[in-house]
Each structure stands twice: as C-alpha cells, then as structure tokens.
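To start, the structure itself, in structure tokens.
Atoms within each ligand, like the ligands themselves, are counted from 1 in listed order.
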Amino acid sequence: MVGETVTLAGWVTRARDLRKIMFIVLRDSSGDIQVTVKKDGSNDFADLDLGREDVLKVTGKVVESKVAQAGVEFIPDSIEVMNRAQQPLPFDLFGPVKAELDTRLNYRFMDFRRPRTNAIFRVQNVLLTSFRGFLSDRGYLEFQPPCVIASASEGGADLFRLPYFEKEAFLAQSPQLYKQMCAISFEKVYTITPIWRAEKFNTPTHLNEVRQMDIEQAFADDETVMKVLEEILVYMLIEVKEKCPGELELLGREITVPELPLRRITYTEAVEMLQGAGEEMAWGDDFSKPQERRLTDLVGDEAFFMKDWPSVQKAFYAMPYPENPEVVHAFDLLYSGVEISSGTMRVHIPELLRQQLRKKGLNPDNFTHYIESFSYGAPPHAGWSIGLERLTMTVTGMNNIRECCMFPRDRDRLVP
Ligand code: ATP
Ligand code: MG
C-alpha cells in the first residue's frame, strides 16, 4: 500500500493543529492512521477546523515515517469533511476519565467506538459465529421459535403480557416448547433467540430481555447434551482466543481453556460443600449469585457442571429419576463463578408430564397442545440454553451484564 494513491474514510480521533502542519489521527474499523497535513499554501487545508468524531474522506498516499507510531503516515491530496460531529461530545471516548455506564448506554452508538466496548462486541460476534459453525457442522438444524405465545412455558411467573387482538398473549420466556416440538421430528436443532423475563429486580447478572443460545436433541439424555455443551464451550473459547487476541489483551482478560471432561458435581454435593464452608442453606434451596461464586472457589475449577437437581427447583418438564422422583435429570454449567447455562432431559411421556404439572400446582388442561405433541411417537430428548450476554460477560471478564448487551433492557431502561 505504501506509495499508492488510496482513499480512506473514518472518524477524527484527535486533530492537532500547529501553525505549519496538522496531525490528524483518523480511525476506521481496521484501526488508526496518522494523517499529516502540510499547510504550506499548496493546498486549501488551512481552515478545516476539525473536531473529534468529524467524519472525513481523504485521498492521498501512505508513506513510511520515522516519527509516526505505526511506521507509516498518510499524506492527503484531498480532504472531504463528510459530516461534522456536534461539540462537545456527550462523553470523552478516549480520555483517561471513564464515563459512567449509564451515560455510555444513553449514547450507545458512540460507546461502540470506544476500544473496550468495541472489543466486547467483537468477542461476542466470535461467540455467535463459532456457536453456529460448531452446530451446523454437526448436522443441527437452526430453527426460529415464535416470540409471542399464548401460554406460559415455565409456569406463570415473570411473564410480560400484551394485548393481541381480542386475546391476551405473552412474550416468550424461553423457546422451550418449540424446541422440543422441533427436536422430536428434526432430531437435532438449535436457535439463537430473544426471550423476556419480567423479573423486577435489578442485578449485575440479569436483564429483562436476553438472547438465548439453545440446542435440543432427540435420542439423548442429560449426559449426551452436557457433552455437547462442554465441547461447544471449549470450541468457542478456543475461537475467541485465536480470533481476538488484541481484544482480550485490551480487556485484560486471559482465557484458560478448560480440560475436558469438566467436573460434574451433584446438587447434593454442592449443598454439602457450601454448608461445610459455613453457608446457611438447606437441601432444596436455590443458590444465590454469591453462593455460586463461593461454590466455584470451593470446587476450584473455572468451569464445572452441577447436576441432579431437586425437582422443586426445576421446571415441570424436567425428567425425574424413577427411583427418586424428588431429583430430576437437570444440570447447570457454571463458568467463572456464574451460571451460564441450564439444561435438562425432558419428560416425553404424556402421563408423566401431566403428573409433573399437577405436582407443580399447574393445570394439565392448560397444556393440552404441549402434552399432545408427545402422543405420536416422541423420542426421549434433552437440551440446554446458554445466555449470550452471561457468556459474553464471563468470557470478557465484565462484572455488569449491561456491558455485554448492545441495547440492554432492564427495569429502568427501555431506550435507546
Ligand atoms: P438465574 O437463576 O441466573 O436467574 P435461570 O436459571 O432463571 O437464571 P434459565 O431459565 O436456566 O435461567 O435460562 C438459561 C440461561 O439463560 C441461564 O443460564 C442464563 O445464562 C440465561 N438467563 C436466564 N435469565 C436471564 C436473565 N434474566 N438475564 C440474563 N441472562 C439470563
Ligand atoms: Mg438456570
């Protein structure tokens, strides 16, 4: 490229105007270049009066430079100001003072230009493409579930309601019923889909709109899909390490790819470990987020499975152990101290499903369509769901999930 005439377009990171010469740091998605403008009367660049984030198109030559940081600089023949940025900017993109998360989220389009934010979403992009690549290479079919649904999939709570013509409808809390319907005929399916949870609390690990990355698989039990889950996690981590070394360095995150198989501890063992460490909890309780972190310290592995959960803690569709129906074929995957995924082997026998619904205080009559889908040759099946933002959060080492969602929706935030 050195010596050739080229055209570049991008944003002004900064411009330093000296009397005879002006240095512009011009930035595009591939990085920065120094544009050196000589104001010797041979051009009309004298009164450009550039501000940060002005958008420029420059045509000229790249030349070697002893002084410019990259070893090259750009000498323009023409400079076109494509658009001006209003000054002052809402926050300083490259300065030493960090803007508040709220301010950055209010101006998210600009925040995307910050190197750290940009790096988070480049990592997220690799997570998404590697997830799709891994599964489509192994014969999984991508499906699209509906997001507006007629009844609750997880049993009532935390649902957003909306008017739907003469009826009432809900925003899906999970693609659960649809992925099961697909798996019992297509065998191996996956989806990346938004879901909504009307949880009222505001925490660093919860959003009200989440992107879930799910698989569902026929002729499979919980152990079959746990294997897929640990393999895809490792694959995604390797891909991020390979494709985003610069981003990881910028974020100060070093990824250690876990060795397989991951450790599997039972729910009961986990409770005993925490009790032994002085935590007040009883068999049957769920783990708080601090307890999940504590447990990770006690287990000593960055990633591990917790399996064989009490039936009371999991949805009605989780398959109970026949010899001990208080325990179900369910698992969580903890990574970096946070639950990033949950899965179960599902109940595929209509009568058992009715029984499980009644046990949860739900009326099987409200689930007729769902139950009916298992009446015409449904193989045993299992699946899981990874939260995209949770995964991105743990992989990039962020401590607030809002950093890892382009346009987060929480109790207080509905714009932009
Ligand atoms: P938690 O116990 O952490 O609130 P959950 O067990 O209710 O989550 P699941 O129904 O198991 O969530 O959903 C599967 C995955 O989706 C979770 O492991 C998590 O990664 C992600 N997820 C679920 N709810 C949320 C949420 N409100 N915000 C962000 N991610 C979520
Ligand atoms: Mg869960």
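- Atoms of ligand 1 found under 4.0 Å from any heavy atom of Ser385, numbered from 1 in the order shown, are 14 (C), 15 (C).
- A salt bridge links Glu209 with Arg211: the closest approach of a Lys/Arg side-chain nitrogen to an acidic carboxylate oxygen falls below 4.0 angstrom.
- For ligand 1, the atoms closer than 4.0 angstrom to any heavy atom of Thr205 are 28 (N), 29 (C).
- The residues Lys179 and Asp214 are annotated as salt-bridged, a charged nitrogen and a carboxylate oxygen being separated by less than 4.0 angstrom.
- A salt bridge links Asp410 with Arg402; the closest basic N to acidic carboxylate O contact falls under 4.0 Å.
- Residue Ile386 has no N or O atom closer than 3.5 Å to an N or O atom of ligand 1.
- Ring geometry for Phe287 against Tyr267 counts as perpendicular: the plane angle is over 60°, on a 0 to 90° scale with 30° as the lower cut.
- Listing protein N, O or S atoms at distances below 2.8 Å from the Mg ion (ligand 2), with waters left out, gives Glu339 OE2, Ser342 OG.
- With a 4.0 Å cut-off on non-hydrogen atoms, Ile340 touches ligand 1 through its backbone and not its side chain.
- In terms of polar-atom proximity, defined here as any N/O pair under 3.5 Å, Leu207 does make such a contact with ligand 1.
- Ion pairing between Arg132 and Glu142 holds under the 4.0 Å rule for side-chain N and carboxylate O.
- Atoms of ligand 1 found under 4.0 Å from any heavy atom of Gly387, numbered from 1 in the order shown, are 15 (C), 16 (O), 20 (O), 21 (C).
- Electrostatic pairing of Glu216 and Lys188 does not count as a salt bridge here, judged by no charged N lying under 4.0 Å from a carboxylate O.
- The distance from ligand 1 to the heavy atoms of Val210 drops below 4.0 Å at these ligand atoms: 25 (C), 26 (C), 28 (N), 29 (C), 30 (N), 31 (C).
- Under 4.0 Å is where a charged nitrogen must lie from a carboxylate oxygen, and between Arg27 and Asp32 no such pair does.
- When heavy-atom distances to ligand 1 are checked against a 4.0 Å cut-off, His206 comes that close through both its backbone and its side chain.
- Within the 4.0 Å heavy-atom criterion, the part of Lys289 lying near ligand 1 is the side chain and not the backbone.
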